[in-house]
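What follows is a set of notes on a single structure, which appears directly below.
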Number of protein chains: 2
Amino acid sequence: MNRSDAERLLAAAEALYYARGINGVGIDEVRSAAGVSLKRLYQLYPSKEHLVAAYLDARDQRWRGRLADHVAHSGGSPRDQLLAVFDWLGLWFAEPDFRGCAFINAFGEVGGSAPLVLAAVRRHKELFRDYLIGLARGLDGPDPVGVAEQLLLLAEGAMTAAAVLPEPRAAQQARRAAAALLAAAA
Amino acid sequence: MNRSDAERLLAAAEALYYARGINGVGIDEVRSAAGVSLKRLYQLYPSKEHLVAAYLDARDQRWRGRLADHVAHSGGSPRDQLLAVFDWLGLWFAEPDFRGCAFINAFGEVGGSAPLVLAAVRRHKELFRDYLIGLARGLDGPDPVGVAEQLLLLAEGAMTAAAVLPEPRAAQQARRAAAALLAAAA
DNA sequence: TAGCGTAGAGAACGTACGTTCTCGGCGGGG
DNA sequence: CCCCGCCGAGAACGTACGTTCTCTACGCTA
């Protein structure tokens, strides 16, 4: 069955923007990759900023879905699930087309001058944070929000380290740090 | 006394590029802010990418210098010095013109297609890492490199969190996590 | 003082891109 | 069968910008 114009646009936008950056890909390239007319594109997204924000929202859903799937299927205690987050990060970092966190990249690229994009980045980071808080609540420790926020910092740091530095040691190092923090919080 | 053309260019480049992004500022604006002719600029830096890489190197030196100053003047044990790193991050995040880590931003903006910029970003992160390793060696723990790398992840995570999210809680949270990691590593 | 190299100011060029406009064809309703 | 509105294709427009070229004026040397 045929996906809708919007779906094809978002799929093309995700592939192109993530691989080559937002400023590195023109509207017309997304349009032609999706097989959608320019007129239709501007009907759906009245400016590039709208398209980019929609791409980020779509990627947010896919990304958190993949993470949650991995964590859920890894079973185990809340502690094991929180550690499984870092295992999944390691798998993600090792993918051949990994290019860092799309949201951090987007923030660096246009965050200062694109309110819709900034809002999408914030949404994503807050949803990721909320997800970690939800897992941490299962720990029955005294401060699940604090633990989750500390693990969030580790995860974000691992993403940027993995993006910038060639060696993919970041996820393992983050996992070890997470285990130590979880032990300390018990 | 008059600073050299190169110094004025780098100062102007740092102010403009950090505030508004690399793609958001044209060569001519840097040139005119520095009061240097276009010809002279191209003598010193044969392309924008060279100028940007030089700006990043200059910022790297200033940034690490400020950090090292704060840490050195805060005295204390190696452990206290490592924690002072996060205190300084908190001060930095609170500055009114704070806009995240210039290097992470630059990576997101042009990292994929500007080898000189990518190299400058890597250099900076490695020098920061080496600085933390130097401090961690004073701990006499079993694995100073591992500890330093875990603290590096926390610091990077705090930088991105502070940049993206409005509330500046990141530095304190990172400091608490760092204290827990240091306690666990002893 | 005459000539020359150099440097600055800024025009010019090529390109890329976001956005809008125009044209031509196709389909559906009378 | 004819007309009308819509849609896709792509030309066009305005702008921004990296880079190069041109012209002019100044200062140094013989």
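Each chain gets a letter, A, B and so on, in the order its sequence line appears, and its residues count up from 1.
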Rounded to whole Å, how long is the line connecting atom [atom1] of [X] with atom [atom2] of [N]?
X      : N      : atom1 : atom2 : result
A/I27  : C/dT20 : CD1   : P     : 11 Å
B/L116 : D/dG18 : CG    : P     : 16 Å
B/L41  : C/dA9  : CG    : P     : 13 Å
B/Y42  : D/dC21 : OH    : P     : 12 Å
B/E29  : D/dT15 : CD    : C1'   : 15 Å
A/R20  : C/dC17 : CZ    : C1'   : 13 Å
B/N23  : C/dG18 : CG    : P     : 12 Å
B/L9   : C/dG8  : CG    : P     : 11 Å

B/Y131: what forms a ring pair (Phe, Tyr, Trp, His ring centres under 6.0 Å) with it, not counting sequence neighbours?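 Listed in chain order: nothing, the list is empty.
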
What does the list of N/O pairs under 3.5 Å between the protein and nucleotides 6-9 of chain D look like, with a distance for each?
residue: D/dG8; atom: OP2; partner: A/S37; partner atom: OG; Å: 3.0
residue: D/dG8; atom: O6; partner: A/K39; partner atom: NZ; Å: 3.0

State, with a plain yes or no, whether a side-chain heavy atom of B/L10 is found less than 4.5 Å away from one of B/D57. no

Looking at B/R122, I want to see if its CZ is surrounded by more than 12 non-hydrogen atoms of other residues, nucleotides or ligands under 6.0 Å.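 Above 12, so yes.
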
With a sphere of 6.0 Å drawn around CZ of A/R137, does it hold more than 12 non-hydrogen atoms of other residues, nucleotides or ligands?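 12 or below, so no.
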
Taking atom types as modelled, is there a side-chain donor on B/Q172 or B/R169 under 3.5 Å from an acceptor on the other? no

Can a donor-acceptor pair be found between the side chains of B/R40 and B/Q43 at a distance below 3.5 Å? yes

